[in-house]
Amino acid sequence: MDAIETKIYYLICSHEGIKAKDIGRYTGQPRKVINHYLYNSPYMKELCYQDKDYRWHGMIRQCVPHYGLEEFSGYYSWVREFLDTDYEEFLQHLKRGCTQIGRNLNDTRGLFHSFEDTYNTMQNLFGDLMMHGVGTSKWEKWEILFELRIKRARYIRIYADVILITKEKVFSLEFKMKDEALEEDISQAAKYCEYLEVLFGPAYDVIPALVLTQGEDIYGEANLAGSTAIVPVCSGDRLFQLIKEYCKETA
């Protein structure tokens, strides 16, 4: 996705309806160029629409709260609401949401066990943050979602176990019930980073991370094969350290 395309998508998703002529005015691009992107870009074709007044809208808004994310997630809420939700209520909500977005709920490989593992890790995270000086006033207005699935057509694929949206960061957390990081797990954690950067826009830094829930006291970084990029890796009991380190606004 090039800079013009990214800018057009941002303008659409940060407005409550915008016409092509106004997109051209903001970008300085001629109408022919704007129309080319509007009708040919995968993001515009798959995650935007035009109303009867010829205004363009994003299916997922780039604002707080991020309206539309719930349509692509198994579970979506404010953190404070998640913390007040017990596991059975959470699971029923998640299962309904997964059915709506087409997420396979075949439990033969322990899917529901992994859901419980992820739920418990995220519940514990906020208790750990409080113990280390990050109180509710900092994170109660963060957004949290489980099982993000964006697969409207063949061009865009975003699968994420958990997304945590803070004031300035988007954490894409890949959960593995393991105690060591394999190369393919690291790759999977980073796989959708560039798509998420476009989806959430320039106001956020996207941080992909691998969370090893069967490990203890693990905190570090791993090299992404074939690149100079690094991916944070931590155990569930050290997830608070990752969040606190990257969220300087919470210090």
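All residue numbers in this chain count up from 1 along the given sequence.
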Side-chain touch Met122/Leu173, heavy atoms, less than 4.5 angstrom: yes
Centroid-centroid distance, His66 to Phe72, less than 6.0 Å: no
Donor on one side chain, acceptor on other, Tyr75 and Ser73, under 3.5 Å: no
Exceeds 12 heavy-atom contacts within 6.0 angstrom, atom CD of Glu216: no
Ring centres under 6.0 angstrom apart (Trp139, Phe126): yes
Donor-acceptor contact present, side-chain Tyr67 to main-chain Arg61, <3.5 Å: no
Qualifying residue, where the test is side chain to side chain contact (heavy atoms under 4.5 Å, CB included) with Tyr37 and the options are Ile23, Ile4, Thr6, Thr27: Ile4
Minimum heavy-atom distance between Asp117 and Gln214, given as atom pair plus value: OD1-NE2, 4.1 Å
Atom of Ile101, atom of Glu147 and distance for their closest heavy-atom approach: CD1-O, 3.4 Å
Tyr76 and Glu143: side chain donor to acceptor below 3.5 Å: yes
Val206 to Cys193 - nearest heavy-atom pair and separation: CG1-SG, 3.9 Å
Over all atoms of both residues, closest heavy-atom pair of Lys169 and Cys247: CG-SG, 4.2 Å
Identified ring-ring contact (aromatic ring centres under 6.0 Å, His included) partner of Trp56 from the options Tyr39, Tyr10, Tyr9, Tyr49: Tyr39
Note, Ile8 side chain near Met44 side chain (heavy atom, < 4.5 Å): yes
Six-ring centre of Tyr219, Arg238 cation under 6.0 angstrom, axis tolerance 45°: no
Six-ring centre of Phe112, Lys95 cation under 6.0 angstrom, axis tolerance 45°: yes
Distance-only donor-acceptor check, side chains Ser14 and Gln62, under 3.5 Å: no
Greater than 12 external heavy atoms within 6.0 Å of Lys178's NZ: yes
Phe82 and Phe146 aromatic centres sub-6.0 Å: yes
Within 6.0 angstrom of Glu81 CD, more than 12 heavy atoms from elsewhere: yes
pair Tyr43-Val198: side-chain heavy atoms closer than 4.5 Å: yes
Between Lys7 and Gln29, a side-chain donor and acceptor under 3.5 Å: no
Close side-chain approach of Ile60 and Ile150, heavy atoms under 4.5 Å: yes
Ring centre gap for Tyr26 and His15 strictly below 6.0 Å: yes
